[in-house]
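Keep in mind that what you see is a predicted model, and the values were worked out from it rather than measured. Both ligands and their constituent atoms are indexed starting at 1 by order of listing. Throughout, residue positions are numbered sequentially from 1 according to the sequence presented.
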Amino acid sequence: MRKKIVAGNWKMNLTFDEGQKLTTEIVNMYKDENIKDVTVVLNPPFVHLFPVKKLVGDTPNLFLGGQNCSDKASGAFTGETSAPMLKSFGATYVIIGHSERREYFNESNELLTAKVKQALENGLTPIFCCGEPLEIREAGTHEDYVKNQLTESLFGLSDEDFAKIVIAYEPIWAIGTGKTASSDQAQEMHKALRDHLASKYGQEAADNTSILYGGSCNPGNAKDIFSKADVDGGLIGGASLKSRDFVDIIKSF
Ligand code: PEP
């Protein structure tokens, strides 16, 4: 059975003290409010990983992830962070192919294949992001566009490796804009992606793959979006920086 997952992407936000405060609040609420059956992943900037891990400790179902990793294992690549480093600092997940990485750092589907490989070789679960820009949505070619992102970056994986992937569908026009996809739009795309995965890896593998929605998710809309059959949780940006909002989203299943 596929997991329900809520992952928080802090992006390039929060100082050390702010990150500690946010994590402490989330961990306390998470424990006090007896949250069950949801996998929660905090994805802070790299420099926060170690101190955040110390606060999270062994809290059940509460995990750490990176926001990116290098496509190389080690070497003279100034400013990069490798998958083995993430693993050694307590991360078990890594976001790969966020639209901001694709757009501002020119990350291609081909490069993302190498990053996914690095993550998997080092025991990290990739949260693989896909999603269309507004002009593609308006042209009506969004399903083909997003399916192609999956085909080009993931369809070289073995069945065994594919089983470790989490997908996050994030329409670019909904990220950080306050304009969310409707729950029907999310369901339509998630179903199309699951069918696409089934055509390559079989129905059982597709049914076991968690597909998260991302794009201006908040405590007011999460319940409706998460109620859809093919939506298995969320990748949360802005609202993950507010402990109450983030925990309320986690409780929206
Ligand atoms: C994101 O960055 O992955 C995201 C979904 O951001 P927001 O929730 O702020 O739209």
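- Contacts with ligand 1 closer than 4.0 Å are made by heavy atoms of both the backbone and the side chain of I175.
- With ligand atoms numbered from 1 in the order given, ligand 1 contributes 10 (O) to contacts under 4.0 Å with heavy atoms of A174.
- For ligand 1, the polar-atom distance check finds no N/O of A239 at less than 3.5 Å from any of the ligand's N/O atoms.
- Proximity of Y30 to K251: side-chain heavy atoms (C-beta onward) are nowhere separated by under 4.5 Å.
- With I167 as the partner, the side chain to side chain contact (heavy atoms under 4.5 Å, CB included) test is satisfied by one option alone out of L235, I211, I127: I211.
- Of the protein's heavy atoms, E170 OE2, 3.1 Å lies nearest to atom 5 (C) of ligand 1.
- Ring centroid separation for the pair F155 and F162 does not come in under the 6.0 Å cut-off.
- Within ligand 1, the atoms closer than 4.0 Å to a non-hydrogen atom of G215 are 5 (C), 10 (O), numbered from 1 in the order shown.
- The contact set between ligand 1 and K11, taken as ligand atoms under 4.0 Å from a residue heavy atom, comprises 1 (C), 2 (O), 6 (O).
- Every atom of ligand 1 is numbered from 1 in the order shown, and the set under 4.0 Å from a heavy atom of H98 is 1 (C), 2 (O), 3 (O).
- Near L235, the atoms of ligand 1 lying under 4.0 angstrom from a non-hydrogen atom of the residue are 3 (O), 5 (C).
- A side-chain donor from one of D230 and Q187 sits under 3.5 Å from a side-chain acceptor of the other.
- On a distance-only criterion, E100 and ligand 1 share no N/O pair closer than 3.5 Å.
- Classification of R244 and D248 as a salt-bridged pair holds, one side-chain N sitting under 4.0 Å from a carboxylate O.
- The heavy atom nearest to atom 10 (O) of ligand 1, out of those in G234, C129, G237, G176, is found in G176.
- Annotation for W10 and P45: closest pair CE3-CD, 3.8 Å, computed over non-hydrogen atoms.
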**Request:** Under the side chain to side chain donor-acceptor pair (under 3.5 Å) rule, what do S183 and Y213 come out as? Steps first, then yes or no, please.
**Result:** CA-CA 10 Å; S183 54; Y213 168 79; over 6 Å; no
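- Inclusion of T177 in the set of residues having an N or O under 3.5 Å from an N or O of ligand 1 is not warranted.
- The contact set between ligand 1 and G238, taken as ligand atoms under 4.0 Å from a residue heavy atom, comprises 7 (P), 8 (O), 9 (O).
- Residues K72 and E80 are not paired through a salt bridge, judged by the lack of any N-O separation under 4.0 Å between the basic side chain and the carboxylate.
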